[in-house]
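For reference, the structure is listed below as C-alpha coordinates.
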Protein chains: 2
Amino acid sequence: MTAPSRRERLRTTTVAEIKSGARRLLVDGGVEAVSLRAIARDMGMTAPAIYRYFPSLEALVGALAGDLYEESTALLEAARDGAGEDEVAQLLAMARAFRAWSVAHPAEFGLIFGAPTPSATTFFDTCADADHPGARFGAVFVQPLVELWHRSPFPTPPPELLRRHFEGRLEPLRQSHGEIPVEVAWAFLSGWTRLYGLVAMEVFDQVSWAITEPEHLFELELTTFATQLTPHRP
Amino acid sequence: MTAPSRRERLRTTTVAEIKSGARRLLVDGGVEAVSLRAIARDMGMTAPAIYRYFPSLEALVGALAGDLYEESTALLEAARDGAGEDEVAQLLAMARAFRAWSVAHPAEFGLIFGAPTPSATTFFDTCADADHPGARFGAVFVQPLVELWHRSPFPTPPPELLRRHFEGRLEPLRQSHGEIPVEVAWAFLSGWTRLYGLVAMEVFDQVSWAITEPEHLFELELTTFATQLTPHRP
DNA sequence: TCATTTGAGTGAACGCCGTTAACTATCGCA
DNA sequence: TGCGATAGTTAACGGCGTTCACTCAAATGA
(Lines give C-alpha, C1' and ligand atoms only; values in the text may rest on other atoms or scores of the structure.)
Protein backbone atom coordinates (compact mmCIF):
# COMPACT_ATOMS: atom_id res chain seq x y z
CA MET A 1 0.00 0.00 0.00
CA THR A 2 2.26 2.78 -1.26
CA ALA A 3 1.33 6.46 -1.42
CA PRO A 4 -0.56 7.33 -4.61
CA SER A 5 1.61 8.91 -7.28
CA ARG A 6 0.89 12.31 -8.65
CA ARG A 7 -0.68 10.75 -11.71
CA GLU A 8 -2.94 8.61 -9.60
CA ARG A 9 -4.10 11.63 -7.61
CA LEU A 10 -4.90 13.59 -10.74
CA ARG A 11 -6.73 10.62 -12.12
CA THR A 12 -8.82 10.30 -8.96
CA THR A 13 -9.90 13.92 -9.01
CA THR A 14 -10.73 13.73 -12.70
CA VAL A 15 -12.88 10.67 -12.11
CA ALA A 16 -14.64 12.53 -9.31
CA GLU A 17 -15.19 15.55 -11.52
CA ILE A 18 -16.67 13.40 -14.26
CA LYS A 19 -19.02 11.73 -11.82
CA SER A 20 -20.12 14.98 -10.26
CA GLY A 21 -20.80 16.40 -13.71
CA ALA A 22 -22.80 13.31 -14.54
CA ARG A 23 -24.79 13.67 -11.35
CA ARG A 24 -25.52 17.32 -12.04
CA LEU A 25 -26.93 16.37 -15.42
CA LEU A 26 -28.87 13.52 -13.85
CA VAL A 27 -30.41 15.80 -11.26
CA ASP A 28 -31.66 18.44 -13.59
CA GLY A 29 -32.54 16.43 -16.65
CA GLY A 30 -33.10 12.83 -15.74
CA VAL A 31 -30.91 9.91 -16.68
CA GLU A 32 -31.38 10.48 -20.40
CA ALA A 33 -29.79 13.89 -20.06
CA VAL A 34 -26.49 12.37 -18.96
CA SER A 35 -24.23 12.47 -22.00
CA LEU A 36 -20.50 12.19 -22.40
CA ARG A 37 -20.40 15.24 -24.63
CA ALA A 38 -22.23 17.41 -22.11
CA ILE A 39 -20.03 16.25 -19.25
CA ALA A 40 -16.91 16.91 -21.28
CA ARG A 41 -18.21 20.32 -22.35
CA ASP A 42 -18.76 21.29 -18.73
CA MET A 43 -15.21 20.21 -17.94
CA GLY A 44 -13.65 22.02 -20.89
CA MET A 45 -12.71 18.72 -22.50
CA THR A 46 -13.73 16.68 -25.49
CA ALA A 47 -15.92 13.62 -25.19
CA PRO A 48 -13.41 10.93 -26.22
CA ALA A 49 -11.16 11.94 -23.32
CA ILE A 50 -13.66 10.39 -20.91
CA TYR A 51 -12.90 7.01 -22.42
CA ARG A 52 -9.58 7.20 -20.55
CA TYR A 53 -11.63 6.90 -17.35
CA PHE A 54 -14.73 4.90 -18.22
CA PRO A 55 -15.13 2.32 -20.95
CA SER A 56 -18.55 3.63 -21.93
CA LEU A 57 -21.38 5.91 -20.90
CA GLU A 58 -23.15 2.85 -19.55
CA ALA A 59 -20.26 2.07 -17.23
CA LEU A 60 -20.11 5.66 -16.02
CA VAL A 61 -23.80 5.69 -15.16
CA GLY A 62 -23.34 2.33 -13.48
CA ALA A 63 -20.52 3.68 -11.32
CA LEU A 64 -22.68 6.65 -10.44
CA ALA A 65 -25.45 4.28 -9.39
CA GLY A 66 -23.00 2.49 -7.15
CA ASP A 67 -22.04 5.75 -5.48
CA LEU A 68 -25.68 6.63 -4.93
CA TYR A 69 -26.32 3.25 -3.36
CA GLU A 70 -23.49 3.93 -0.95
CA GLU A 71 -24.81 7.40 -0.22
CA SER A 72 -28.27 6.14 0.66
CA THR A 73 -26.85 3.31 2.75
CA ALA A 74 -24.69 5.75 4.72
CA LEU A 75 -27.75 7.90 5.20
CA LEU A 76 -29.65 5.00 6.72
CA GLU A 77 -26.78 4.18 9.05
CA ALA A 78 -26.57 7.77 10.21
CA ALA A 79 -30.30 7.85 10.91
CA ARG A 80 -30.05 4.60 12.86
CA ASP A 81 -27.06 5.77 14.88
CA GLY A 82 -28.78 9.01 15.78
CA ALA A 83 -32.00 7.42 17.01
CA GLY A 84 -31.00 6.10 20.41
CA GLU A 85 -31.21 2.55 21.68
CA ASP A 86 -34.77 1.53 20.92
CA GLU A 87 -34.90 -0.55 17.77
CA VAL A 88 -38.39 0.56 16.77
CA ALA A 89 -37.29 4.17 17.04
CA GLN A 90 -34.25 3.32 14.93
CA LEU A 91 -36.41 1.72 12.23
CA LEU A 92 -38.80 4.66 12.15
CA ALA A 93 -35.91 7.11 11.88
CA MET A 94 -34.43 5.12 9.03
CA ALA A 95 -37.74 5.00 7.20
CA ARG A 96 -38.19 8.74 7.54
CA ALA A 97 -34.64 9.42 6.43
CA PHE A 98 -35.07 7.19 3.42
CA ARG A 99 -38.26 8.90 2.39
CA ALA A 100 -36.78 12.37 2.90
CA TRP A 101 -33.72 11.53 0.81
CA SER A 102 -35.80 9.95 -1.93
CA VAL A 103 -38.24 12.83 -2.19
CA ALA A 104 -35.37 15.31 -2.23
CA HIS A 105 -33.47 13.29 -4.85
CA PRO A 106 -36.04 11.84 -7.24
CA ALA A 107 -33.65 11.38 -10.13
CA GLU A 108 -31.14 9.53 -7.98
CA PHE A 109 -33.90 7.40 -6.50
CA GLY A 110 -35.14 6.53 -9.96
CA LEU A 111 -31.69 5.48 -11.06
CA ILE A 112 -31.09 2.96 -8.29
CA PHE A 113 -34.60 1.99 -7.20
CA GLY A 114 -36.49 2.35 -10.45
CA ALA A 115 -36.68 0.30 -13.60
CA PRO A 116 -33.31 -1.28 -14.26
CA THR A 117 -31.60 0.51 -17.14
CA PRO A 118 -28.97 -1.35 -19.18
CA SER A 119 -26.38 0.69 -17.26
CA ALA A 120 -27.60 -0.38 -13.86
CA THR A 121 -28.02 -3.94 -15.02
CA THR A 122 -24.46 -4.32 -16.25
CA PHE A 123 -23.15 -2.63 -13.12
CA PHE A 124 -25.06 -4.77 -10.66
CA ASP A 125 -24.10 -7.89 -12.57
CA THR A 126 -20.47 -7.11 -11.81
CA CYS A 127 -21.22 -7.31 -8.07
CA ALA A 128 -20.92 -10.62 -6.30
CA ASP A 129 -24.25 -11.69 -4.85
CA ALA A 130 -23.10 -11.39 -1.24
CA ASP A 131 -22.02 -7.77 -1.48
CA HIS A 132 -24.68 -6.66 -3.89
CA PRO A 133 -25.40 -3.01 -3.06
CA GLY A 134 -28.95 -4.02 -2.25
CA ALA A 135 -27.69 -6.52 0.29
CA ARG A 136 -25.64 -3.94 2.16
CA PHE A 137 -28.58 -1.56 1.97
CA GLY A 138 -30.93 -4.18 3.34
CA ALA A 139 -28.53 -5.17 6.08
CA VAL A 140 -29.03 -1.82 7.76
CA PHE A 141 -32.69 -2.71 8.21
CA VAL A 142 -32.14 -6.33 9.10
CA GLN A 143 -29.83 -5.69 12.03
CA PRO A 144 -32.29 -3.70 14.22
CA LEU A 145 -35.01 -6.16 13.33
CA VAL A 146 -32.91 -9.08 14.53
CA GLU A 147 -32.10 -7.32 17.79
CA LEU A 148 -35.70 -6.31 18.34
CA TRP A 149 -36.83 -9.85 17.70
CA HIS A 150 -34.50 -11.24 20.32
CA ARG A 151 -35.29 -8.57 22.86
CA SER A 152 -39.03 -8.40 22.40
CA PRO A 153 -40.53 -10.64 19.71
CA PHE A 154 -43.19 -8.97 17.61
CA PRO A 155 -46.31 -10.69 16.30
CA THR A 156 -46.02 -12.38 12.92
CA PRO A 157 -48.07 -14.71 10.79
CA PRO A 158 -47.81 -18.31 12.02
CA PRO A 159 -44.21 -19.51 11.51
CA GLU A 160 -45.34 -22.65 9.72
CA LEU A 161 -47.08 -20.45 7.16
CA LEU A 162 -43.88 -18.44 6.74
CA ARG A 163 -41.79 -21.57 6.39
CA ARG A 164 -44.14 -22.98 3.80
CA HIS A 165 -43.79 -19.88 1.61
CA PHE A 166 -40.09 -19.21 2.19
CA GLU A 167 -38.89 -22.82 2.14
CA GLY A 168 -35.46 -22.80 0.53
CA ARG A 169 -35.99 -19.42 -1.11
CA LEU A 170 -34.08 -17.23 1.33
CA GLU A 171 -30.66 -18.47 0.28
CA PRO A 172 -29.54 -15.07 -1.09
CA LEU A 173 -30.58 -13.36 2.15
CA ARG A 174 -28.83 -15.99 4.24
CA GLN A 175 -25.66 -15.68 2.22
CA SER A 176 -25.25 -12.06 3.20
CA HIS A 177 -26.73 -12.14 6.70
CA GLY A 178 -26.20 -15.65 8.00
CA GLU A 179 -28.98 -17.56 9.65
CA ILE A 180 -31.99 -15.40 10.35
CA PRO A 181 -35.23 -16.41 12.08
CA VAL A 182 -37.89 -16.82 9.45
CA GLU A 183 -40.03 -14.31 11.34
CA VAL A 184 -37.34 -11.67 10.99
CA ALA A 185 -36.96 -12.44 7.30
CA TRP A 186 -40.69 -11.95 6.90
CA ALA A 187 -40.69 -8.71 8.88
CA PHE A 188 -37.87 -7.35 6.74
CA LEU A 189 -39.36 -8.34 3.40
CA SER A 190 -42.83 -7.22 4.32
CA GLY A 191 -41.68 -3.97 5.90
CA TRP A 192 -39.19 -3.04 3.21
CA THR A 193 -41.79 -3.77 0.57
CA ARG A 194 -44.27 -1.42 2.21
CA LEU A 195 -41.67 1.28 2.70
CA TYR A 196 -40.50 0.93 -0.87
CA GLY A 197 -44.05 1.05 -2.17
CA LEU A 198 -44.88 4.19 -0.24
CA VAL A 199 -41.75 6.02 -1.28
CA ALA A 200 -41.74 4.88 -4.89
CA MET A 201 -45.38 5.84 -5.34
CA GLU A 202 -44.68 9.31 -4.04
CA VAL A 203 -41.45 9.86 -5.95
CA PHE A 204 -42.87 8.43 -9.17
CA ASP A 205 -45.96 10.58 -8.72
CA GLN A 206 -48.41 7.70 -8.80
CA VAL A 207 -50.72 8.93 -6.04
CA SER A 208 -51.20 12.62 -6.75
CA TRP A 209 -54.51 11.79 -8.44
CA ALA A 210 -55.77 10.48 -5.09
CA ILE A 211 -54.11 12.36 -2.28
CA THR A 212 -52.22 15.57 -1.71
CA GLU A 213 -49.27 15.76 0.66
CA PRO A 214 -48.48 12.05 0.66
CA GLU A 215 -46.17 12.61 3.59
CA HIS A 216 -49.18 12.25 5.86
CA LEU A 217 -50.07 8.90 4.36
CA PHE A 218 -46.48 7.93 4.99
CA GLU A 219 -46.65 8.96 8.64
CA LEU A 220 -49.93 7.13 9.08
CA GLU A 221 -48.50 3.93 7.69
CA LEU A 222 -45.46 4.38 9.88
CA THR A 223 -47.71 4.61 12.90
CA THR A 224 -49.52 1.39 12.11
CA PHE A 225 -46.22 -0.28 11.27
CA ALA A 226 -44.78 0.69 14.65
CA THR A 227 -47.89 -0.71 16.30
CA GLN A 228 -47.37 -4.00 14.53
CA LEU A 229 -43.80 -4.21 15.80
CA THR A 230 -45.01 -3.88 19.37
CA PRO A 231 -46.26 -6.98 21.22
CA HIS A 232 -50.05 -6.96 21.35
CA ARG A 233 -51.40 -6.41 24.82
CA PRO A 234 -52.56 -9.74 26.18
CA MET B 1 -71.64 10.41 -35.87
CA THR B 2 -71.16 9.58 -39.55
CA ALA B 3 -69.36 6.51 -40.86
CA PRO B 4 -65.60 7.03 -41.06
CA SER B 5 -64.34 7.84 -44.51
CA ARG B 6 -61.81 5.71 -46.29
CA ARG B 7 -59.09 8.17 -45.38
CA GLU B 8 -60.01 8.04 -41.74
CA ARG B 9 -59.88 4.28 -41.75
CA LEU B 10 -56.45 4.23 -43.33
CA ARG B 11 -55.27 6.77 -40.84
CA THR B 12 -56.54 4.70 -37.94
CA THR B 13 -54.77 1.58 -39.08
CA THR B 14 -51.54 3.50 -39.67
CA VAL B 15 -51.70 4.97 -36.17
CA ALA B 16 -52.24 1.47 -34.82
CA GLU B 17 -49.31 0.13 -36.83
CA ILE B 18 -47.05 2.87 -35.52
CA LYS B 19 -48.07 2.17 -31.96
CA SER B 20 -47.61 -1.54 -32.31
CA GLY B 21 -44.17 -0.99 -33.79
CA ALA B 22 -43.35 1.30 -30.88
CA ARG B 23 -44.54 -1.31 -28.42
CA ARG B 24 -42.46 -4.01 -30.06
CA LEU B 25 -39.39 -1.85 -29.69
CA LEU B 26 -40.36 -1.03 -26.12
CA VAL B 27 -40.75 -4.69 -25.23
CA ASP B 28 -37.44 -5.88 -26.52
CA GLY B 29 -35.23 -2.91 -25.86
CA GLY B 30 -36.74 -0.74 -23.18
CA VAL B 31 -38.18 2.70 -23.65
CA GLU B 32 -34.89 4.14 -24.89
CA ALA B 33 -35.00 1.76 -27.84
CA VAL B 34 -38.20 3.33 -29.15
CA SER B 35 -37.16 5.58 -32.03
CA LEU B 36 -39.08 7.12 -34.88
CA ARG B 37 -36.50 5.97 -37.38
CA ALA B 38 -36.68 2.36 -36.22
CA ILE B 39 -40.47 2.36 -36.28
CA ALA B 40 -40.51 3.86 -39.74
CA ARG B 41 -37.89 1.39 -40.95
CA ASP B 42 -40.02 -1.52 -39.75
CA MET B 43 -42.99 -0.06 -41.61
CA GLY B 44 -41.09 0.58 -44.82
CA MET B 45 -41.41 4.32 -44.37
CA THR B 46 -39.20 7.25 -43.55
CA ALA B 47 -39.13 8.87 -40.13
CA PRO B 48 -40.61 12.27 -40.97
CA ALA B 49 -43.79 10.59 -42.20
CA ILE B 50 -44.67 9.73 -38.61
CA TYR B 51 -45.02 13.43 -37.90
CA ARG B 52 -48.29 13.26 -39.87
CA TYR B 53 -49.63 11.16 -37.02
CA PHE B 54 -47.81 12.28 -33.87
CA PRO B 55 -46.30 15.69 -33.16
CA SER B 56 -43.19 14.19 -31.58
CA LEU B 57 -41.65 10.99 -30.29
CA GLU B 58 -42.60 12.11 -26.80
CA ALA B 59 -46.26 12.34 -27.77
CA LEU B 60 -46.15 8.91 -29.38
CA VAL B 61 -44.68 7.32 -26.27
CA GLY B 62 -47.26 9.17 -24.21
CA ALA B 63 -50.09 7.79 -26.32
CA LEU B 64 -48.60 4.33 -25.95
CA ALA B 65 -48.56 4.82 -22.18
CA GLY B 66 -52.22 5.75 -22.30
CA ASP B 67 -53.03 2.56 -24.19
CA LEU B 68 -51.11 0.51 -21.67
CA TYR B 69 -52.98 2.12 -18.82
CA GLU B 70 -56.22 1.14 -20.50
CA GLU B 71 -54.95 -2.36 -21.09
CA SER B 72 -54.05 -2.89 -17.45
CA THR B 73 -57.33 -1.36 -16.27
CA ALA B 74 -59.31 -3.68 -18.52
CA LEU B 75 -57.28 -6.56 -17.18
CA LEU B 76 -58.26 -5.67 -13.63
CA GLU B 77 -61.91 -5.40 -14.55
CA ALA B 78 -61.83 -8.78 -16.23
CA ALA B 79 -60.21 -10.35 -13.16
CA ARG B 80 -62.83 -8.78 -10.92
CA ASP B 81 -65.72 -9.86 -13.10
CA GLY B 82 -64.46 -13.43 -13.20
CA ALA B 83 -64.05 -13.80 -9.45
CA GLY B 84 -67.61 -14.27 -8.30
CA GLU B 85 -69.56 -12.24 -5.79
CA ASP B 86 -67.25 -12.11 -2.78
CA GLU B 87 -65.41 -8.80 -2.68
CA VAL B 88 -62.31 -10.19 -0.99
CA ALA B 89 -62.04 -12.85 -3.66
CA GLN B 90 -62.42 -10.13 -6.28
CA LEU B 91 -59.62 -8.08 -4.74
CA LEU B 92 -57.31 -11.07 -4.52
CA ALA B 93 -58.01 -12.00 -8.14
CA MET B 94 -57.27 -8.43 -9.21
CA ALA B 95 -54.02 -8.34 -7.28
CA ARG B 96 -52.89 -11.62 -8.81
CA ALA B 97 -53.86 -10.49 -12.29
CA PHE B 98 -51.98 -7.24 -11.84
CA ARG B 99 -48.84 -9.00 -10.69
CA ALA B 100 -49.04 -11.54 -13.49
CA TRP B 101 -49.43 -8.84 -16.11
CA SER B 102 -46.63 -6.75 -14.67
CA VAL B 103 -44.17 -9.62 -14.44
CA ALA B 104 -45.03 -10.69 -17.96
CA HIS B 105 -44.70 -7.11 -19.27
CA PRO B 106 -41.86 -5.46 -17.36
CA ALA B 107 -41.14 -2.80 -19.99
CA GLU B 108 -44.78 -1.75 -20.16
CA PHE B 109 -45.01 -1.71 -16.37
CA GLY B 110 -41.92 0.45 -16.17
CA LEU B 111 -43.36 2.91 -18.64
CA ILE B 112 -46.59 3.58 -16.78
CA PHE B 113 -45.72 2.69 -13.18
CA GLY B 114 -42.06 3.60 -13.08
CA ALA B 115 -40.16 6.84 -12.96
CA PRO B 116 -42.07 9.45 -14.94
CA THR B 117 -40.31 10.11 -18.23
CA PRO B 118 -40.81 13.45 -19.97
CA SER B 119 -43.13 11.60 -22.36
CA ALA B 120 -45.35 10.24 -19.63
CA THR B 121 -45.33 13.55 -17.82
CA THR B 122 -46.53 15.57 -20.77
CA PHE B 123 -49.14 12.94 -21.55
CA PHE B 124 -50.59 12.74 -18.06
CA ASP B 125 -50.62 16.50 -17.82
CA THR B 126 -53.03 16.57 -20.75
CA CYS B 127 -55.51 14.49 -18.73
CA ALA B 128 -58.04 16.24 -16.56
CA ASP B 129 -57.56 15.32 -12.93
CA ALA B 130 -60.89 13.51 -12.67
CA ASP B 131 -60.21 11.10 -15.53
CA HIS B 132 -56.53 10.72 -14.94
CA PRO B 133 -55.65 7.17 -16.06
CA GLY B 134 -54.55 6.48 -12.51
CA ALA B 135 -57.95 7.45 -11.22
CA ARG B 136 -59.75 5.03 -13.49
CA PHE B 137 -57.23 2.38 -12.60
CA GLY B 138 -57.74 2.99 -8.90
CA ALA B 139 -61.50 3.03 -9.24
CA VAL B 140 -61.48 -0.65 -10.06
CA PHE B 141 -60.01 -1.31 -6.63
CA VAL B 142 -62.11 1.22 -4.79
CA GLN B 143 -65.46 -0.15 -5.85
CA PRO B 144 -65.14 -3.63 -4.27
CA LEU B 145 -63.66 -2.04 -1.17
CA VAL B 146 -66.66 0.24 -0.78
CA GLU B 147 -69.07 -2.66 -1.20
CA LEU B 148 -67.13 -4.83 1.21
CA TRP B 149 -67.09 -2.03 3.75
CA HIS B 150 -70.84 -1.65 3.64
CA ARG B 151 -71.53 -5.37 3.71
CA SER B 152 -68.98 -6.38 6.32
CA PRO B 153 -66.74 -3.62 7.72
CA PHE B 154 -63.11 -4.60 8.09
CA PRO B 155 -60.88 -3.50 10.95
CA THR B 156 -58.97 -0.25 10.43
CA PRO B 157 -56.89 2.11 12.49
CA PRO B 158 -59.06 4.36 14.67
CA PRO B 159 -61.11 6.68 12.39
CA GLU B 160 -60.03 9.77 14.30
CA LEU B 161 -56.40 8.89 13.54
CA LEU B 162 -57.30 8.49 9.86
CA ARG B 163 -59.18 11.78 9.82
CA ARG B 164 -56.28 13.57 11.45
CA HIS B 165 -53.88 12.40 8.74
CA PHE B 166 -56.23 12.66 5.76
CA GLU B 167 -57.94 15.91 6.78
CA GLY B 168 -58.67 17.79 3.57
CA ARG B 169 -56.10 15.86 1.57
CA LEU B 170 -58.38 13.40 -0.20
CA GLU B 171 -59.89 15.97 -2.52
CA PRO B 172 -58.46 14.38 -5.69
CA LEU B 173 -59.82 10.98 -4.67
CA ARG B 174 -63.22 12.45 -3.82
CA GLN B 175 -63.36 14.25 -7.15
CA SER B 176 -63.25 11.00 -9.07
CA HIS B 177 -65.10 8.72 -6.64
CA GLY B 178 -67.46 10.94 -4.71
CA GLU B 179 -67.75 10.72 -0.97
CA ILE B 180 -65.90 7.73 0.42
CA PRO B 181 -65.70 6.61 4.04
CA VAL B 182 -62.30 7.55 5.37
CA GLU B 183 -61.75 3.94 6.34
CA VAL B 184 -62.21 2.86 2.73
CA ALA B 185 -59.85 5.56 1.53
CA TRP B 186 -57.28 4.25 3.98
CA ALA B 187 -57.80 0.65 2.94
CA PHE B 188 -57.36 1.57 -0.69
CA LEU B 189 -54.25 3.70 -0.23
CA SER B 190 -52.64 1.26 2.15
CA GLY B 191 -53.52 -1.78 0.11
CA TRP B 192 -52.59 -0.32 -3.26
CA THR B 193 -49.30 0.89 -1.82
CA ARG B 194 -48.45 -2.59 -0.60
CA LEU B 195 -49.48 -4.19 -3.87
CA TYR B 196 -47.52 -1.64 -5.85
CA GLY B 197 -44.46 -2.11 -3.66
CA LEU B 198 -44.51 -5.87 -4.03
CA VAL B 199 -44.95 -5.82 -7.78
CA ALA B 200 -42.52 -2.98 -8.47
CA MET B 201 -39.82 -4.59 -6.36
CA GLU B 202 -40.18 -7.80 -8.29
CA VAL B 203 -40.39 -6.24 -11.73
CA PHE B 204 -37.55 -3.82 -11.04
CA ASP B 205 -35.48 -6.67 -9.67
CA GLN B 206 -34.91 -5.11 -6.28
CA VAL B 207 -35.32 -8.26 -4.19
CA SER B 208 -33.39 -10.92 -6.05
CA TRP B 209 -30.46 -10.37 -3.70
CA ALA B 210 -32.72 -11.51 -0.82
CA ILE B 211 -35.24 -14.00 -2.10
CA THR B 212 -35.78 -16.26 -5.06
CA GLU B 213 -39.21 -16.80 -6.56
CA PRO B 214 -40.78 -13.62 -5.17
CA GLU B 215 -44.18 -14.96 -6.21
CA HIS B 216 -44.29 -16.81 -2.90
CA LEU B 217 -43.66 -13.62 -0.95
CA PHE B 218 -46.48 -12.12 -2.95
CA GLU B 219 -48.86 -14.93 -2.08
CA LEU B 220 -47.88 -14.73 1.56
CA GLU B 221 -48.61 -11.03 1.71
CA LEU B 222 -51.87 -11.65 -0.09
CA THR B 223 -52.84 -14.12 2.59
CA THR B 224 -52.18 -11.71 5.43
CA PHE B 225 -53.93 -8.95 3.50
CA ALA B 226 -57.04 -11.09 3.08
CA THR B 227 -56.95 -11.82 6.79
CA GLN B 228 -56.89 -8.13 7.54
CA LEU B 229 -59.95 -7.58 5.36
CA THR B 230 -61.90 -10.12 7.39
CA PRO B 231 -63.56 -9.04 10.66
CA HIS B 232 -61.49 -10.27 13.59
CA ARG B 233 -63.21 -12.97 15.56
CA PRO B 234 -64.62 -11.38 18.72
C1' DT C 1 20.95 13.62 -18.38
C1' DC C 2 18.74 11.86 -22.17
C1' DA C 3 15.91 8.47 -24.52
C1' DT C 4 11.79 5.97 -24.07
C1' DT C 5 7.58 4.54 -22.63
C1' DT C 6 3.19 5.67 -20.69
C1' DG C 7 -0.92 8.40 -20.28
C1' DA C 8 -4.06 12.25 -21.24
C1' DG C 9 -6.16 14.69 -24.49
C1' DT C 10 -7.50 16.25 -29.44
C1' DG C 11 -9.79 16.21 -34.10
C1' DA C 12 -11.97 13.87 -37.62
C1' DA C 13 -15.06 10.54 -38.82
C1' DC C 14 -19.08 6.99 -38.72
C1' DG C 15 -23.63 5.89 -37.93
C1' DC C 16 -27.28 6.54 -35.06
C1' DC C 17 -31.03 9.84 -33.37
C1' DG C 18 -35.22 13.81 -33.44
C1' DT C 19 -36.75 17.36 -36.03
C1' DT C 20 -37.60 20.82 -39.76
C1' DA C 21 -38.27 22.46 -44.47
C1' DA C 22 -39.23 22.13 -49.16
C1' DC C 23 -41.18 19.35 -52.34
C1' DT C 24 -44.07 15.62 -54.86
C1' DA C 25 -47.65 12.66 -55.81
C1' DT C 26 -51.99 10.82 -54.78
C1' DC C 27 -56.65 10.67 -53.06
C1' DG C 28 -61.29 12.58 -52.33
C1' DC C 29 -64.47 15.74 -53.41
C1' DA C 30 -67.12 19.75 -55.79
C1' DT D 1 -61.86 18.17 -64.64
C1' DG D 2 -59.63 20.59 -61.42
C1' DC D 3 -58.33 21.70 -56.78
C1' DG D 4 -57.20 21.32 -52.02
C1' DA D 5 -56.02 18.31 -48.44
C1' DT D 6 -53.21 14.50 -47.17
C1' DA D 7 -49.37 11.19 -47.01
C1' DG D 8 -45.24 10.59 -48.22
C1' DT D 9 -40.39 11.79 -49.91
C1' DT D 10 -35.38 13.77 -49.74
C1' DA D 11 -32.01 16.77 -47.75
C1' DA D 12 -30.25 18.96 -44.04
C1' DC D 13 -29.00 20.46 -39.04
C1' DG D 14 -27.37 19.54 -34.67
C1' DG D 15 -26.67 16.20 -30.99
C1' DC D 16 -25.37 11.73 -29.50
C1' DG D 17 -21.79 7.39 -28.41
C1' DT D 18 -17.88 5.53 -30.10
C1' DT D 19 -13.45 4.57 -32.72
C1' DC D 20 -9.09 5.74 -34.66
C1' DA D 21 -4.99 8.11 -35.61
C1' DC D 22 -2.51 11.50 -33.76
C1' DT D 23 0.09 14.92 -30.48
C1' DC D 24 2.25 16.28 -26.44
C1' DA D 25 3.64 16.27 -21.69
C1' DA D 26 4.83 13.64 -17.83
C1' DA D 27 7.04 9.76 -15.57
C1' DT D 28 10.57 6.30 -15.93
C1' DG D 29 14.98 4.04 -16.36
C1' DA D 30 19.78 3.52 -18.07
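Residue numbering restarts at 1 for every chain, and letters A, B, ... go by the order of the sequence lines.
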Does A:Arg41 have a side-chain nitrogen or oxygen under 4.0 Å from the phosphate oxygens OP1 or OP2 of D:dC16?
yes
Which residues pass the side chain to side chain contact (heavy atoms under 4.5 Å, CB included) test with B:Ala107, sequence neighbours left out?
B:Leu26
Atom CD1 of B:Ile39 and atom C1' of C:dC16 are separated, to the nearest Å, by 15 Å
Students often get this wrong, so: under 4.0 angstrom with heavy atoms, is A:Thr14 touching a base, only sugar-phosphate, or nothing?
nothing
Judged by nearest nucleotide, the residue sitting upstream toward the 5' end of DNA chain C, A:Pro48 or B:Leu57, is A:Pro48
May I ask you to evaluate whether B:Thr46 reaches the phosphate of D:dT9, defined as a side-chain N or O under 4.0 Å from OP1 or OP2?
yes
Between B:Pro55 and A:Ala49, which is nearer to the 5' end of DNA chain C once each is assigned its nearest nucleotide?
A:Ala49
Interatomic distance, B:Leu36 CG vs D:dT10 P [rounded to whole Å]
17 Å
Quiz item: B:Arg52 side-chain donor-acceptor pair to D:dG8 base, under 3.5 Å
yes
Just the rounded figure in Å: distance from C1' of D:dA7 to CE of B:Met43.
11 Å
Donor-acceptor pair, B:Thr212 side chain versus B:Ser208 backbone, under 3.5 Å?
no
Toward the 5' end of DNA chain D, by each residue's nearest nucleotide, A:Glu58 or B:Gly44
B:Gly44
Let me know the distance between CZ of A:Arg11 and C1' of C:dG7, rounded to the nearest Å.
9 Å
Which part of the nucleic acid does B:Ser35 contact within heavy-atom distance under 4.0 Å: base, sugar-phosphate only, or nothing?
sugar-phosphate
Any side-chain heavy-atom pair from A:Ser190 and B:Glu221 closer than 4.5 angstrom?
yes
Touch check for A:Tyr51, heavy atoms < 4.0 angstrom, all strands: base, sugar-phosphate only, or nothing?
base
What is the distance from CD of A:Glu8 to C1' of D:dA27, rounded to the nearest Å?
12 Å
Mind checking whether A:Phe188 and A:Trp192 have parallel, tilted or perpendicular rings, split at 30° and 60°?
parallel
A:Arg37 CZ - C:dC16 C1' separation (whole Å)
11 Å
Parallel, tilted or perpendicular, as decided by the 30° and 60° cut-offs, for the rings of B:His177 and A:Trp209
tilted
In whole angstroms, how far is the C1' atom of D:dT9 from the CE atom of B:Met45?
11 Å
Is A:Tyr53 touching bases, backbone alone, or none of the nucleic acid, heavy atoms closer than 4.0 Å?
sugar-phosphate
Expressed in angstrom and rounded to an integer, what is the separation of A:Arg9 atom CZ from D:dA26 atom C1'?
13 Å
